[in-house]
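Every heavy atom of this structure was used, including side-chain atoms; hydrogens, water molecules and symmetry mates were not.
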Amino acid sequence: MVRQIAQTGTAVFTLVMALYAGTAGAHGKVAMEEDSCMRRIGENMIHLSTYQPQINEEGHYCTEIPQAGNAILVIDLVDPALREMPIGVKVMKGSKAGEGDTVTNLHPAMYQDGVISTQSPLEQGKYLVLITAEGVPPLNYEYHLRVEMINYAEVFRATIGPAVGLLLTTILGYKLIRSRRFRDWLATRRANKN
């Protein structure tokens, strides 16, 4: 009985740790190819970072922006070939091109240093960042921004591990309390106290 409880407890602990470890992902600690803020077309790669220094001086975000307000969008042209062609940036309200109002529009220009920086006032809602490299053929990159919106997938991932752990611990406790050995042990302890 004790061995079965230990095995079940180990299985519960392993499952909870596996689920919890999957929720701990950080934007800055992943390989460049696995970074969700990286976009690739062929060999050409760009990277987006979003900053809100008036809210958090050290925080940087990708597509999930925690609060409405001014946001600084920084686009890194990772591949040197992109620095040799005109690049245009358009930030639009909504989630589809041509659907919403244009918030920011940077006309195509050359960025020899490989960094494009713009500031945009972002209200709560969804935005689309379109980056166009005027090469042959033209390259189009898209980022879908969510400003001050709840990311239900993250909330689910953050709560599922503890919820499963609590459920399994409850089941384990129930089985322990209902076991005959536990009841006999408890009766023996009560008899020894009297």
Side-chain angles (χ1 to χ4, degrees), residues 21-160:
T23 65
H27 168 73
K29 298 188 190 255
V30 295
M32 189 178 286
E33 292 79 20
E34 296 171 5
D35 190 345
S36 64
C37 297
M38 188 70 66
R39 297 292 185 268
R40 176 192 295 259
I41 296 179
E43 294 297 315
N44 301 308
M45 293 177 15
I46 65 170
H47 185 271
L48 172 72
S49 294
T50 307
Y51 301 91
Q52 289 187 311
Q54 72 277 11
I55 297 168
N56 183 353
E57 288 185 18
E58 299 190 16
H60 71 283
Y61 315 100
C62 180
T63 57
E64 296 290 331
I65 300 163
Q67 292 185 4
N70 285 332
I72 299 170
L73 305 174
V74 178
I75 301 157
D76 294 312
L77 306 174
V78 177
D79 288 317
L82 291 172
R83 301 172 189 188
E84 303 299 323
M85 60 181 78
I87 308 285
V89 178
K90 187 182 281 190
V91 179
M92 301 170 54
K93 180 106 170 133
S95 56
K96 292 185 182 174
E99 186 177 272
D101 296 333
T102 300
V103 177
T104 301
N105 189 10
L106 296 178
H107 296 289
M110 303 283 275
Y111 297 92
Q112 298 292 328
D113 62 353
V115 178
I116 304 169
S117 179
T118 184
Q119 186 168 338
S120 297
L122 303 176
E123 299 171 357
Q124 182 179 10
K126 294 181 181 181
Y127 290 84
L128 178 64
V129 179
L130 295 170
I131 302 160
T132 305
E134 295 185 353
V136 179
L139 305 173
N140 297 304
Y141 302 91
E142 289 186 0
Y143 288 95
H144 294 273
L145 304 181
R146 293 169 40 93
V147 179
E148 206 173 314
M149 296 178 73
I150 297 173
N151 186 345
Y152 291 104
E154 273 186 27
V155 171
F156 178 75
R157 280 192 299 266
T159 57
I160 191 66

(Q) Go through it in stages, so that I can follow the logic: the residues are V89 and Y111, the test is side-chain contact (heavy atoms from CB on, under 4.5 Å), and I'd like the CA-CA distance, side-chain angles, deciding distance and then a yes or no. (A) CA-CA 12 Å; V89 178; Y111 297 92; 5.8 Å; no
**Q.** Pair Y127-T104, side-chain contact (heavy atoms from CB on, under 4.5 Å): steps then yes or no
**A.** CA-CA 11 Å; Y127 290 84; T104 301; over 6 Å; no
**Q.** Verdict with supporting geometry, R39 and I131, side-chain contact (heavy atoms from CB on, under 4.5 Å)
**A.** CA-CA 10 Å; R39 297 292 185 268; I131 302 160; over 6 Å; no
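Distance check, rounded to the nearest 0.5 Å: OH of Y61 to CG of L48 gives 13.5 Å. The line from CG of L145 to CE of M92 is 12.5 Å long, rounded to the nearest 0.5 Å. Separation of atoms CE (M85) and CG (L139) is listed at 6.0 Å; rounding is to 0.5 Å.
Panel note: side chain Q54, backbone N70; a donor-acceptor pair is recorded below 3.5 Å. In this structure, the side chain of E148 does not engage the main chain of Q124 through any donor-acceptor pair within 3.5 Å. A donor-acceptor contact shorter than 3.5 Å links the side chain of R83 to the backbone of L77. Judged by distance alone, the side chain of T50 and the main-chain N or O of C62 form a donor-acceptor pair under 3.5 Å. Between the side chain of Q52 and the backbone N or O of Q67 there is at least one donor-acceptor pair closer than 3.5 Å.
Considering N105, L106, V129 in turn, N105 is the only one that fulfils the side-chain contact (heavy atoms from CB on, under 4.5 Å) rule with K90.
Residues passing the salt bridge (charged side-chain N to carboxylate O under 4.0 Å, His left out) test with E142: none are found, sequence neighbours excluded. Applying the side chain to side chain contact (heavy atoms under 4.5 Å, CB included) test to A81 and every residue at least two apart in sequence or in another chain returns N44. Under the side chain to side chain contact (heavy atoms under 4.5 Å, CB included) criterion, D76 pairs with H47, V74, V115, not counting sequence neighbours. For T63, the side-chain hydrogen bond (donor to acceptor under 3.5 Å, both in side chains) criterion is met by no residue, not counting sequence neighbours. Residues forming a salt bridge (charged side-chain N to carboxylate O under 4.0 Å, His left out) with R146 (at least two apart in sequence, or on another chain): E64. For T132, the side-chain hydrogen bond (donor to acceptor under 3.5 Å, both in side chains) partners at least two apart in sequence or on another chain are N140.
Taking all atoms of both residues into account, the shortest heavy-atom contact from S95 to H144 is O-CE1, 3.2 Å. Between P121 and V103 the shortest heavy-atom distance is O-CG1, 3.6 Å. Nearest approach of K96 to L128, heavy atoms of both residues: C-CD2, 3.7 Å. Pairing each heavy atom of V147 with each of A68, the nearest pair is CG1-CA, 3.7 Å. Contact detail for M110 and P86: the closest heavy-atom pair is SD-N, 3.5 Å. Scanning all heavy atoms of the two residues, the minimum distance from S120 to V91 falls at OG-CG2, 4.1 Å.
Heavy-atom neighbours of K126 NZ from other residues, nucleotides or ligands within 6.0 Å: at or below the threshold of 12. In this structure, D101 places its CG atom where only 12 or fewer heavy-atom neighbours from other residues, nucleotides or ligands lie under 6.0 Å away. No more than 12 heavy atoms of other residues, nucleotides or ligands lie within 6.0 Å of CD in E43, so this atom counts as exposed by the packing criterion.
Looking at heavy atoms from C-beta onward, I87 lies out of side-chain contact with Y141 at the 4.5 angstrom threshold.
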